[in-house]
Peer 1: 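Shown below is the structure under consideration.
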Amino acid sequence: MNDKKLAAASLAAQAMGWVDPVTRAVVPPIHMASTYVRDEDNAYRSGRIYARADNPTFDQAEATLAALEGGPKALIFSSGMSAATACFLALAPGDHVVAPKIMYWALRNWLATFATSWGLKVEFVDADRTDAIAAAVRPGATRLVWIETPANPTWCVTDIAAAADIAHRAGALLAVDSTVATPVLTRPIEHGADIVMHSATKYLNGHSDIIAGALVGARDDDWWARLRTLRAQLGTILGQTEAWLLMRGMRTLYPRVAWACRSAEALAERFAAHPMVSEVLYPGLPGFAGHAVASRQMAGGFGGMLSVRVKGGERAAIATAARVALWKRATSLGGVESLIEHRASIEGPGTPCPTDLLRLSVGVEDSGDLFDDLDQALRRAHNA
Ligand SMILES: *Cc1c(COP(=O)(O)O)cnc(C)c1O
């Protein structure tokens, strides 16, 4: 190999080019051990003591994700939620944080309930408006600004560079839930983010067969050490087999995401002209409110997630979801199989999600088949 810097897609495909030094295997083993032998002189020269702190099976997934995001270090977690909540639990009661009104529902719920009763002062803002973030930060008191872009389930876009600037001027850190963008489309650290979070359950794994999360730090500093310690103390580590499956899934991240982006863009355009659809929400559509910012900070596509608002309201939306065959009615996203979800039903009372909205996670099936299936469902629901 020469010194040419490899593209991220090449690093991912070969999991950083790892080959087992003893067996020459191209795929790493799964290390099942929960504990490691101490040396005779009482030292732990392997650097490993107990598997609640780390496991060699994590190494490749963490090193690969760090390289893809352009940060020095990554940590994988037992879920996206445990990765996200670690960022807030690493703060202190009384600290002020800013979070979006439109964001992953379960995390917003946790912030409004547990985190608030634990002592964090949480302020929810319209994060697609930079001036709203600026108005909410309190210099010296705000410790963390949390954003998600594009954000569930309306895919509104936050300007990462502007949010980072606002956070840093106030003495706060910027964390970005980049689950939907993936490092294929956006590398938030390059735009000034201090921490990148992923539900690795979604695109990074890509096969709907594990629950996992990840953080990538922009610096290997005290804050990062605190997150690492917190993971070991809370035991929010990923199982060995799941860590292995995560790395196996990440090898195909680039072709999967590229395919999903192409299909999602085609579907967005076709459904925007559909007689039973009142609106398509997708950052790739030129008329979408966040399109200009998305074009600046997303490269190579606008993601595999879109939502359609169905004419006829909630009943028509649920009736449409009932009539698909190829799309699967399920929550979650980012897998190879396409999913459809009436999002307001799962978010429940108090959701800001419109009730006529169907959330679509575009997989790697043929996009013509996906269009035809949803088209017939929309028409049959309309005529029912
Ligand atoms: C799924 C998801 C999460 C939560 O991740 P889990 O792996 O389910 O714990 C957080 N943020 C976004 C954007 C998600 O889609």
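In listed order, ligands and their atoms are each counted from 1.
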Peer 1: From atom 15 (O) of ligand 1, work out which of K202, E148, M103, M305 has a heavy atom at the shortest distance.
Peer 2: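 Ranked by closest heavy atom to atom 15 (O) of ligand 1, first place is K202.
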Peer 1: Please report which non-hydrogen protein atom sits nearest to atom 5 (O) of ligand 1, along with the residue it belongs to and the distance in Å to one decimal place.
Peer 2: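 It is S199 OG, 3.0 Å.
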Peer 1: May I ask you to identify the nearest protein heavy atom to atom 9 (O) of ligand 1, giving residue, atom name and distance to one decimal place in Å?
Peer 2: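 Ranking protein heavy atoms by distance from atom 9 (O) of ligand 1, first comes M81 N, 2.8 Å.
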Peer 1: Which atoms of ligand 1 sit under 4.0 Å from any heavy atom of L333?
Peer 2: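 Listed by number with element: 15 (O).
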Peer 1: Salt bridge check, D159 against R296: does any charged N sit closer than 4.0 Å to a carboxylate O?
Peer 2: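 Salt bridge present between R296 and D159.
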Peer 1: For R323 and A381, work out which heavy atoms get closest and say how close.
Peer 2: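 Minimum heavy-atom separation between R323 and A381: CD-N, 3.6 Å.
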Peer 1: Looking only at atom types and distance, does a side-chain atom of T57 sit under 3.5 Å from a main-chain N or O of I30, one as donor and one as acceptor?
Peer 2: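 Not at all, since once roles are kept as given, no pair shorter than 3.5 Å links the two residues.
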Peer 1: Passes ring pair (Phe, Tyr, Trp, His ring centres under 6.0 Å), F271 versus F371? Steps please.
Peer 2: CA-CA 8 Å; F271 283 116; F371 178 83; 4.7 Å; yes
Peer 1: Which is closest to atom 8 (O) of ligand 1 in terms of heavy atoms, Y203, W105, Y104?
Peer 2: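 Ranked by closest heavy atom to atom 8 (O) of ligand 1, first place is Y104.
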Peer 1: Taking NZ, NE, NH1 and NH2 as the nitrogens, is one of them in E341 or R359 under 4.0 Å from a carboxylate oxygen of the other?
Peer 2: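 Judged by the 4.0 Å cut-off on N to carboxylate O distance, E341 and R359 do form a salt bridge.
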Peer 1: Which heavy atom of the protein is the closest neighbour of atom 7 (O) of ligand 1, given with residue, atom name and distance?
Peer 2: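 Atom 7 (O) of ligand 1 sits closest to the protein heavy atom T201 OG1, 2.6 Å.
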Peer 1: Suppose we measure from atom 12 (C) of ligand 1 to each protein heavy atom; which comes out shortest, and what is that distance?
Peer 2: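 Its nearest protein heavy-atom neighbour is D177 OD2, 3.4 Å.
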